Amino acid sequence: MNKSELIDAIAKDANITKVAAKAALESFISNVTATLKQKDGKVSLVGFGTFSVAERAARQGINPATKEPIKIAAKKVAKFKAGAELSDAVMSGKKK
């Protein structure tokens, strides 16, 4: 499912216009992004999951083309951990 398909599904399920659904989705994305940018930012949606930021340490890598060792810099990455209800639904194939 891509963004426009998700907007269509939200509009249909919530019985709202596609414009309103797009605004709601963009607001959600914007607020999650802004929260994750903050120090110790985390967004928890009970039953769905938790968005957080993880620190990835600097490490040694290998350039696959030249086989030369390279340094990979430390960085922050966005992380998502599925909640229990989402995990159960995915594993059992049930639709909630």
Side-chain angles (χ1 to χ4, degrees):
M1 176 180 281
N2 63 32
K3 187 175 179 179
S4 66
E5 292 169 338
L6 180 57
I7 290 169
D8 292 344
I10 291 169
K12 182 180 173 190
D13 291 347
N15 197 24
I16 59 175
T17 66
K18 289 182 185 181
V19 172
K22 181 178 180 183
L25 179 60
E26 287 177 352
S27 175
F28 172 78
I29 292 168
S30 173
N31 281 286
V32 169
T33 302
T35 301
L36 293 180
K37 284 182 177 182
Q38 297 173 1
K39 184 177 188 216
D40 300 326
K42 181 166 42 169
V43 177
S44 296
L45 303 171
V46 176
F48 182 70
T50 302
F51 297 91
S52 62
V53 176
E55 299 273 343
R56 192 168 281 169
R59 62 191 193 279
Q60 190 77 18
I62 295 177
N63 180 333
T66 64
K67 307 296 183 210
E68 293 291 319
I70 57 172
K71 286 188 175 188
I72 301 171
K75 66 179 181 177
K76 292 181 179 181
V77 294
K79 185 170 95 169
F80 177 76
K81 183 175 186 322
E85 289 179 29
L86 179 60
S87 293
D88 291 346
V90 170
M91 288 186 354
S92 67
K94 293 187 283 185
K95 185 176 181 182
K96 292 215 174 196

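Being a predicted model, the structure only gives us computed values, none of them experimental. For this chain, numbers begin at 1 and follow the sequence in order.
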Report summary line: The reported gap from CD1 in I7 to NZ in K22 (rounded to nearest 0.5 angstrom) is 6.0 Å
Counting C-beta onward and ignoring hydrogens, is there a side-chain heavy-atom pair between [X] and [Y] closer than 4.5 Å?
| X | Y | value |
| --- | --- | --- |
| F28 | L45 | yes |
| K42 | T50 | yes |
| N63 | T66 | yes |

State, to 0.1 Å, how close [X] and [Y] come at their nearest heavy-atom pair, and which atoms those are.
| X | Y | value |
| --- | --- | --- |
| I10 | A21 | CG2-CB, 3.8 Å |
| V53 | K76 | CG1-CB, 3.8 Å |
| A82 | S87 | CB-OG, 3.6 Å |

Report task. Group every Ile, Leu, Val, Met, Phe, Trp and Tyr by side-chain heavy-atom contacts under 4.5 Å, then state whether I29 and V19 land in the same group. Result ->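 Unlinked, I29 and V19 end up in two clusters.
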Query raised in the report: Going only through I, L, V, M, F, W and Y residues with side-chain contacts under 4.5 Å, is there a path from M1 to L25?
Result: yes
Query raised in the report: Does a donor on one side chain and an acceptor on the other come within less than 3.5 Å for T35 and N31?
Result: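 On atom types as modelled, these side chains do not qualify, holding no pair under 3.5 Å.
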Query raised in the report: Distance-only, no hydrogens or angles: does the E5 side chain make a donor-acceptor pair with backbone N or O of N2 under 3.5 Å?
Result: yes
Requested in this report: Please answer whether the main-chain N or O of A23 pairs with a side-chain N or O of S27 as donor and acceptor at a distance below 3.5 Å.
Outcome: no
Query raised in the report: What class does the angle between the rings of F80 and F48 fall in, given that below 30° is parallel, 30 to 60° is tilted and above 60° is perpendicular?
Result: tilted
Query raised in the report: Could you walk me through whether Q60 and K71 pass the side-chain contact (heavy atoms from CB on, under 4.5 Å) check?
Result: CA-CA 5 Å; Q60 190 77 18; K71 286 188 175 188; 4.1 Å; yes
**Report entry** side-chain contact (heavy atoms from CB on, under 4.5 Å) between E26 and K3, worked out
**Finding:** CA-CA 10 Å; E26 287 177 352; K3 187 175 179 179; 3.7 Å; yes
**Report entry** Over 12 non-hydrogen atoms of neighbours within 6.0 angstrom of CD1 in I72
**Finding:** yes
